[in-house]
Protein chains: 2
Amino acid sequence: MAQAPGEIEALIALMARLPGLGPRSARRAVLHMLKKRAVVMDPLAQALARVAATARDCRSCGNISDYDICPICADNRRATGVVCVVEDVSDLWALERAGGFKGRYHVLGGTLSALESVGPDVLRIPQLVARIESENLREVILALNATVEGQTTAHYIAEALAPSGVTVSALARGLPMGGELDYLDDGTISAALAARRQV
Amino acid sequence: MAQAPGEIEALIALMARLPGLGPRSARRAVLHMLKKRAVVMDPLAQALARVAATARDCRSCGNISDYDICPICADNRRATGVVCVVEDVSDLWALERAGGFKGRYHVLGGTLSALESVGPDVLRIPQLVARIESENLREVILALNATVEGQTTAHYIAEALAPSGVTVSALARGLPMGGELDYLDDGTISAALAARRQV
């Protein structure tokens with residue numbers, strides 16, 4: 001489609017590859033930016049250039065920030081001896097939004113997958129084992145997704161950590177907030193029943 | 001929400017203001033960029049900076065491109081004596097995608113609105129009148145949206161052009177391609193009936 005000039009068309013094509021945007025919505029977004037160049041496009045271009053120039057993976061936990069050691073790992077108040085293992089940076093952000101966790105994280109960057117040849121080294125599992133000693137960890141919380149891939153990976157990590165003697169725990173299973181039995185899957189109901197608590 | 005570092009959070013907030021993106025999808029898009037910095041974020045940051053630096057309104061028609069005079073106005077093969085008046089650059093792109101029009105455009109940048117104090121000068125209507133003589137126009141096609149605002153503006157422009165003696169036409173009204181009578185509104189059906197053609 002040659003309806004927009006070259007540079008603009010190239011920008012639309014790149015925007016269209018972002019998740020949640022297609023060619024149509026990318027065109028709308030770019031057009032909106034073009035019409036508000038001073039208040040929308042320029043600040044966005046500057047913010048994106050800044051983040052592109054400074055963003056990097058935390059050398060300790062794998063979180064993404066502007067520093068070699070992310071603010072969470074750099075915060076000594078979070079040296080609680082408890083590390084929460086997540087698949088992805090988005091999961092770390094979700095836990096931080098929820099707010100309940102005060103320790104540090106370890107971001108795997110995915111799940112084990114023989115098909116896509118994602119092995120333990122790619123997922124930074126050796127680094128997790130090393131952190132048990134170097135940070136004197138008491139507990140590792142496996143906060144992986146409740147999917148087959150997530151649980152397979154959790155099982156592997158639990159085995160890998162067993163020799164160290166560290167306590168390994170996992171997020172509880174049960175009804176989500178606002179969940180109605182009639183709409184929940186059998187697996188969730190069974191798990192909630194098995195993990196029932198005295199009130 | 002302080003879950004992501006400052007610069008990244010600022011980028012998410014700016015992305016969330018684009019049409020079609022909310023806070024959630026902006027976060028997903030930014031995270032996708034952060035995870036593919038070399039192949040997604042860097043090219044996008046460069047393309048956006050380039051467009052932000054070079055994009056400008058065409059001095060003649062109001063189209064947006066990298067030049068003071070856009071490629072359509074600069075193309076002498078399009079000096080057909082016919083100008084198509086559209087509300088917005090997105091409408092110009094839509095007409096170019098459709099492909100049937102070989103003349104030049106005039107982008108109003110909106111519709112007349114007393115409430116938002118958008119008058120004829122803001123919509124570049126005097127410039128349109130001036131182009132009739134300077135470009136020796138035979139016909140002005142009003143390709144405004146079939147909305148109340150679009151049609152009010154079309155009516156005003158037709159009146160403003162009347163003294164010049166130029167032919168003023170408007171897009172036909174009727175069934176859209178694939179339209180089914182049962183699902184179309186009464187206005188469209190009435191318009192299609194009134195504008196019926198012998199076959």
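Computed from a prediction, not measured in an experiment: that's the story for all the values here. Naming: A, B, ... by sequence-line order, numbering from 1 per chain. Because only heavy atoms are used, hydrogens play no part in the values below, and waters and symmetry mates are left out as well, while side chains stay in.
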Given the rule that I, L, V, M, F, W and Y join up when any side-chain heavy atoms are under 4.5 Å apart, are Val166(A) and Leu108(A) in one cluster? yes
Give a yes or no on this: more than 12 heavy atoms of other residues, nucleotides or ligands lie within 6.0 Å of atom CZ of Phe101(B). yes
Decide whether Ile125(B) and Val118(B) are clustered together by the hydrophobic rule: side chain heavy atoms of Ile, Leu, Val, Met, Phe, Trp, Tyr closer than 4.5 Å, transitively. yes
Using residues 13-21 of chain A as the side-chain source, report each donor-acceptor pair under 3.5 Å to any protein atom, sequence neighbours left out, with the distance given to one decimal.
none

Are there residues of residues 180-195 of chain B that reach to under 4.5 Å of chain A by heavy atoms, and which ones? none
Residues of residues 32-58 of chain B contacting chain A, heavy-atom criterion under 4.5 Å, by residue number: His32(B), Met33(B), Leu34(B), Lys35(B), Arg37(B), Val39(B), Val40(B), Met41(B), Asp42(B), Pro43(B), Leu44(B), Ala45(B), Ala47(B), Leu48(B), Ala49(B), Arg50(B), Val51(B), Ala52(B), Ala55(B), Arg56(B), Asp57(B)
hydrophobic_cluster_shared for Val86(A) and Leu31(B), side chain cutoff 4.5 Å: yes
Side chain to side chain donor-acceptor pair (under 3.5 Å) partners of residues 158-175 of chain A, not counting sequence neighbours, each pair once: Glu139(A)-Ser169(A), Gln151(A)-Arg173(A)
Are Val89(B) and Leu11(A) in one and the same hydrophobic cluster, where Ile, Leu, Val, Met, Phe, Trp and Tyr link if side-chain heavy atoms are under 4.5 Å apart? yes
Hey, quick one: are Leu92(B) and Ile69(B) part of the same hydrophobic cluster, counting side-chain heavy atoms closer than 4.5 Å, chains of contacts allowed? no
Just wondering, are more than 12 heavy atoms of other shown residues or ligands nearer than 6.0 Å to CZ in Arg124(B)? yes
Can you name the nearest heavy-atom pair linking Ser65(A) to Ile8(B), along with the distance? CA-CD1, 4.2 Å
Give the member of Cys70(B), Ser25(B), Ser90(B), Ala26(B) that has the highest number of heavy-atom pairs under 4.5 Å with chain A. Ser90(B)
